[in-house]
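Please read the structure below before turning to the comments.
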Amino acid sequence: MSINVTRTELNEAAKSLSIEADIDFDNFERFAQPLATALDCRVIETQWGADRHQWLLDFEGTVMQLNYEFYGDICWLSVENSSDVEVLAYLQTLLERSL
């Protein structure tokens, strides 16, 4: 895996998986695309603004958002439904294998 993830943290209540990694805001796609590939996710849509990137991903029918905020240097995956938190837990195991 060509991404440099240093730590992950699952927050079931927030339906999110925090990802700590070496991320360059201006070249976010250099992190996000390999991450999506490593997690076997399909990129549905990408958006960005002055201080945030947001990608919509699909993992085997589960739609999730990959977010990165520049000012807080915060990256996370999130899902809408509580039942999809188990997908985040599975993806966390994949990421932790690369630590």
Side-chain angles (χ1 to χ4, degrees):
M1 189 181 298
S2 63
I3 53 175
N4 188 17
V5 174
T6 56
R7 189 171 89 82
T8 64
E9 183 176 341
L10 182 64
N11 183 330
E12 292 183 26
K15 298 179 277 191
S16 68
L17 174 63
S18 300
I19 302 169
E20 286 184 18
D22 184 20
I23 302 170
D24 177 5
F25 181 82
D26 293 325
N27 296 299
F28 181 70
E29 68 282 347
R30 289 186 188 166
F31 168 78
Q33 191 60 60
L35 176 70
T37 299
L39 297 177
D40 200 24
C41 291
R42 181 177 61 88
V43 177
I44 300 170
E45 179 179 286
T46 64
Q47 297 180 359
W48 63 93
D51 66 344
R52 184 179 214 186
H53 286 278
Q54 186 174 53
W55 287 31
L56 194 60
L57 305 177
D58 172 75
F59 175 77
E60 297 182 359
T62 299
V63 176
M64 65 191 87
Q65 293 181 3
L66 172 62
N67 297 281
Y68 178 68
E69 289 186 358
F70 174 74
Y71 292 113
D73 191 25
I74 301 167
C75 183
W76 72 97
L77 284 167
S78 63
V79 293
E80 292 291 320
N81 301 315
S82 296
S83 61
D84 292 332
V85 171
E86 66 186 32
V87 172
L88 293 178
Y90 172 71
L91 296 177
Q92 181 181 27
T93 63
L94 296 179
L95 288 172
E96 290 192 343
R97 289 181 193 163
S98 69
L99 297 178

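Fair warning: this is a prediction, and the values are worked out from it, not measured in the lab. Values below: every heavy atom of this structure, side chains too, minus hydrogens, waters and symmetry copies.
- Residues Ile23 and Tyr71 fall within the same hydrophobic cluster, defined by Ile, Leu, Val, Met, Phe, Trp and Tyr side chains chained together at heavy-atom separations under 4.5 Å.
- The line from CD of Gln92 to OG of Ser18 is 9.5 Å long, rounded to the nearest 0.5 Å.
- Without hydrogens or angle criteria, Lys15 side chain to Val79 main chain gives no donor-acceptor distance under 3.5 Å.
- Residues Trp48 and Phe70 are members of separate hydrophobic clusters, defined by side-chain heavy-atom contacts under 4.5 angstrom among Ile, Leu, Val, Met, Phe, Trp and Tyr.
- Judged by distance alone, with hydrogens and angles left aside, the side-chain atoms of Asn11 form a donor-acceptor pair with the main-chain N or O of Ala14 at under 3.5 Å.
- Residues Leu35 and Leu95 form a side-chain contact, since some pair of their non-hydrogen atoms from C-beta on lies under 4.5 Å apart.
- Each of Ile3 and Ile74 belongs to its own hydrophobic cluster when Ile, Leu, Val, Met, Phe, Trp and Tyr are linked at side-chain heavy-atom distances under 4.5 angstrom.
- Using cut-offs of 30° and 60° for the angle between ring planes, the Phe28 and Trp55 rings count as perpendicular.
- Remark: Glu12 engages no residue in a salt bridge (Lys or Arg N to Asp or Glu O under 4.0 Å) (not counting sequence neighbours).
- If you chain together hydrophobic residues whose side chains sit under 4.5 Å apart, Leu56 and Tyr68 never meet in one group.
- Leu57 and Ile19 end up in the same hydrophobic cluster when Ile, Leu, Val, Met, Phe, Trp and Tyr side chains are linked at under 4.5 Å.
- Within 6.0 Å of CZ on Phe25 lie more than 12 heavy atoms contributed by other residues, nucleotides or ligands.
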